[in-house]
Amino acid sequence: MARITIDPITRIEGHLRIDVEVTGGQVSKAWSSAQMWRGIETILKDRPPQDAWIYAQRFCGVCTTVHAISSIRSVEHALKVEVPLNAQYIRNIIMAQHSVQDHIVHFYHLSALDWVDIVSALKADPKKAASIAQSVSDWPGNSEKEFSDVQKRLKAFVDSGKLGIFASGYWGHPAMILPPEINLIATAHYLKALDYQQKAAQAVAILGGKNPHIQNLCVGGVATALNMDNLATINMERIAYLKALMTETREFVKKVYYPDLLVIGKAYKDWFKHGKGVVNYLAVPEFAEDTKNTSFALPGGLIMGGDVAKARVISTHQDQQLIGSIKESVACAWYEGKSSLHPWEGETKPDYTDFQENGKYSWCKAPRIDGKPIQVGPVAQLLAGYAAGNQRVRKLVDSTCKAAGVGVADLHSTMGRLAARGIRAHLLSDLSLEYLDKLVDNVGKGDKTYANHTEIPSGEHRGVGFHEAPRGVLSHWMVIKNKKIKNYQAVVPSTWNASPRDAEGNAGPYEASLLGNPVAKPDQPLEVLRTVHSFDPCIACAVHTIDPEGKEITKVKVV
């Protein structure tokens, strides 16, 4: 038996420690430990609720927009505020483009290096690589010259002895099975993806004022002025530029990202059988199409035991059954207080005890629905849409599964989570442009309203802001009393997925997904990275404030 500690396991930002025990070449036990404390809730107490979204964006420097949206929605829910259609369309475009950018970054820059052997690409024939790439996509960047140039750049990295951005990979690992030409194609697209994720970020910045940390929200709508004839507002010139950016990004998603996903999915088809774990899923409806958040383009749902046929469809953010069923356990988390509380009653009182594998071992709380662990993310949203009979979702899920040679049930897996993100990016790149057309059309009809002015009333009010973020269900819970924030809690996607065990010993999704995972070389636990990275962990959203003792955070230890 080998005990492995990987700390940190994430590529974009750290704070997540994964411990596994490997017996007979498989993971037999697993612990997910968030290594930092999130204290923004305590900072928000006693502040004006209409200002909370500015602070809440600082939960993370990567997924900032999602926290702004959820925070604003929590106030609007508490005060029953309607949002004008123009504001909904602008918010929808921002959310969709943020997700497209996030999914591109995740596939290429956060998870591809778990599957693609960069060094192997040096052995590739660029002409053969171009032929392969052109056989699956007519994207003009798939040329022999492009692949040859990338190979030369890569060779310069290797010859210098410094692999730069490719330095921390398990190159030559026996679980890496792609031929050199596919590795070269993926490497070239990895570099191109840096440009296209930037275009999606630019689209967010045009409407949001800046990115990261958008500046255009307000309770009751947006502060994005719309006037097609005014040089100082969102006008036709800005709209045309926005459309061009989103069209280019959509082309990259459909002609590069999606084909690459299918190639890698088919090559690693056995990974549709690994990483299943928790098959209770939650998704909330997203992309509001009315002023009251009761009609959405994509439905939500609660699926227990992986049974899509028995899913409970969630069609509104005012779903009282869902709102009342969520509680967070701190039985194995470094917090004081009761074991399990509803977020409106939640407490954030740190109580650090060091890592105790049979006790408290994480700064993440353990969200549960009716006491059950829940997986959130693109798989959950696609299955919810599938269960609700959403034809856009069904058509794309079915065609993707057919192309990969798998069934819908195979989405319950490591590779399934990667596939779901690609499908979602495909959907949202289309929706982005559709909402831009709807915005222009609505303004053209004479509707110039983009915000409903709202005063914060006296008394006590409770609200929750739900959002289907790139990593899954995000919710901000606010209690307002006498025009100030009395309590604030955020239950984020990585809190659901990275949660430790609860009082009943139920493992969280990361932990459960690792059980039975193969591990060929315990000193190079590539397979563990594959499964955890498939969730796209972003622990900054779940925890904050580094340990002042400065403990080592770059350790892979096998005993």
Side-chain angles (χ1 to χ4, degrees), residues 15-21 27-38 41 275-283 302-306 312 321-377 379-380 412 464 471-475 477 489-517 531-532 535 537-539 541-543:
H15 332 320
L16 177 62
R17 165 181 168 176
I18 296 292
D19 287 73
V20 296
E21 289 184 0
V27 175
S28 53
K29 291 183 180 180
W31 294 264
S32 170
S33 176
Q35 291 288 293
M36 299 176 81
W37 173 57
R38 188 183 73 205
E41 291 97 335
K276 185 175 183 179
V278 171
V279 290
N280 304 322
Y281 294 97
L282 172 67
L302 181 64
I303 302 168
M304 304 304 289
R312 184 173 80 80
Q321 185 176 343
L322 171 62
I323 290 171
S325 65
I326 297 173
K327 290 186 177 181
E328 288 188 294
S329 169
V330 295
C332 292
W334 289 313
Y335 296 99
E336 293 180 358
K338 296 181 180 179
S339 176
S340 188
L341 292 173
H342 188 276
W344 278 328
E345 312 298 334
E347 298 175 340
T348 312
K349 299 177 181 177
D351 182 25
Y352 184 69
T353 64
D354 210 346
F355 189 99
Q356 299 175 341
E357 62 182 52
N358 295 314
K360 291 178 178 287
Y361 59 89
S362 177
W363 284 115
C364 255
K365 297 179 181 180
R368 298 292 186 261
I369 290 182
D370 297 329
K372 302 293 185 182
I374 302 290
Q375 182 182 154
V376 301
V379 171
H412 307 303
V464 56
R471 292 162 181 83
V473 176
L474 170 64
S475 56
W477 304 74
Q489 295 290 315
V491 184
V492 310
S494 290
T495 318
W496 287 100
N497 290 335
S499 69
R501 292 161 177 75
D502 54 32
E504 285 69 44
N506 296 311
Y510 288 3
E511 297 174 334
S513 69
L514 287 168
L515 300 181
N517 231 47
T531 291
V532 175
F535 287 91
C538 187
I539 304 305
C541 293
V543 290

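No experiment lies behind these values; they were computed from the predicted model shown.
Using a distance-only test at 3.5 Å, with no hydrogens or angles considered, no donor-acceptor pair links the side chain of Asn497 to the main chain of Pro509. The closest donor-acceptor contact from the side chain of Thr495 to the backbone of Val491 lies at 3.5 Å or more, if one exists at all. Between the side chain of Asp502 and the main chain of Ala366, no donor-acceptor pair closer than 3.5 Å is present. A donor-acceptor pair is defined here as one N or O able to donate and one able to accept, closer than 3.5 Å; no such pair exists between the side chain of Glu328 and the backbone of Leu341. Here the side chain of Ser329 pairs no donor or acceptor atom with the backbone of Ser340 at under 3.5 angstrom. The backbone N or O of Glu357 lies less than 3.5 Å from a partner atom in the side chain of Trp31, making a donor-acceptor pair. Judged by distance alone, with hydrogens and angles left aside, the side-chain atoms of Ser494 form a donor-acceptor pair with the main-chain N or O of Cys538 at under 3.5 Å. Using a distance-only test at 3.5 Å, with no hydrogens or angles considered, no donor-acceptor pair links the side chain of Asp19 to the main chain of Ala30. A distance-only check finds no donor-acceptor pair linking the side chain of Trp334 to the backbone of Lys349 [under 3.5 Å].
Distance check: Ile374 CD1 to Ser325 OG gives 8.0 Å after rounding to the nearest 0.5 Å. Rounding to the nearest 0.5 angstrom, the gap separating the CG atom in Leu302 from the CG atom in Leu322 is 7.5 Å.
Ring orientation note: the planes of Tyr335 and Trp363 are nearly perpendicular, at an angle over 60° on the 30°/60° scale.
Contact between Asn506 and Gly371 at its shortest, heavy atoms only, is ND2-O, 3.8 Å. Of all heavy-atom pairs spanning Ser362 and Ala34, the tightest one is OG-N, 3.0 Å. The minimum heavy-atom distance linking Ser32 with Ala498 is given by the pair OG-O, 3.0 Å. Here the closest non-hydrogen pair linking Gly472 and Pro493 is O-CG, 3.3 Å. Considering every non-hydrogen atom in both Val464 and Trp344, the closest pair reads N-CZ2, 4.1 Å.
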Show the numbers, then the answer: is there a side-chain hydrogen bond (donor to acceptor under 3.5 Å, both in side chains) between Ser499 and Arg368?
CA-CA 9 Å; Ser499 69; Arg368 298 292 186 261; 3.1 Å; yes
For Glu511 and Ile18, run side-chain contact (heavy atoms from CB on, under 4.5 Å): C-alpha distance rounded to whole Å, both residues' side-chain angles, the deciding distance at 0.1 Å, then the answer.
CA-CA 9 Å; Glu511 297 174 334; Ile18 296 292; over 6 Å; no
Check the pair Asn280, Ile369 against side-chain contact (heavy atoms from CB on, under 4.5 Å), reporting the backbone distance first and the verdict last.
CA-CA 9 Å; Asn280 304 322; Ile369 290 182; over 6 Å; no
Stepwise side-chain contact (heavy atoms from CB on, under 4.5 Å) test for Glu347 and Glu336:
CA-CA 8 Å; Glu347 298 175 340; Glu336 293 180 358; 5.8 Å; no
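Looking only at atom types and distance, the side chain of Thr531 has a donor-acceptor partner in the side chain of Asn517 under 3.5 Å away. Residues Gln489 and Lys365 bring a donor and an acceptor atom of their side chains to less than 3.5 Å of each other. Remark: the Ser33 side chain and the Gln35 side chain contain an N/O donor-acceptor pair separated by less than 3.5 Å.
The closest side-chain heavy-atom distance from Ile326 to Trp496 is below 4.5 Å.
Other residues, nucleotides and ligands place more than 12 heavy atoms under 6.0 Å from the NZ atom of Lys360. Heavy atoms from other residues, nucleotides or ligands lying under 6.0 Å from CD of Gln321 number 12 at most.
No cation-pi contact links Arg17 to Tyr361, judged by a cut-off of 6.0 Å to the six-membered ring centre and 45° from its axis.
If you look at His342 and Trp477, their ring centroids are closer than 6.0 Å.
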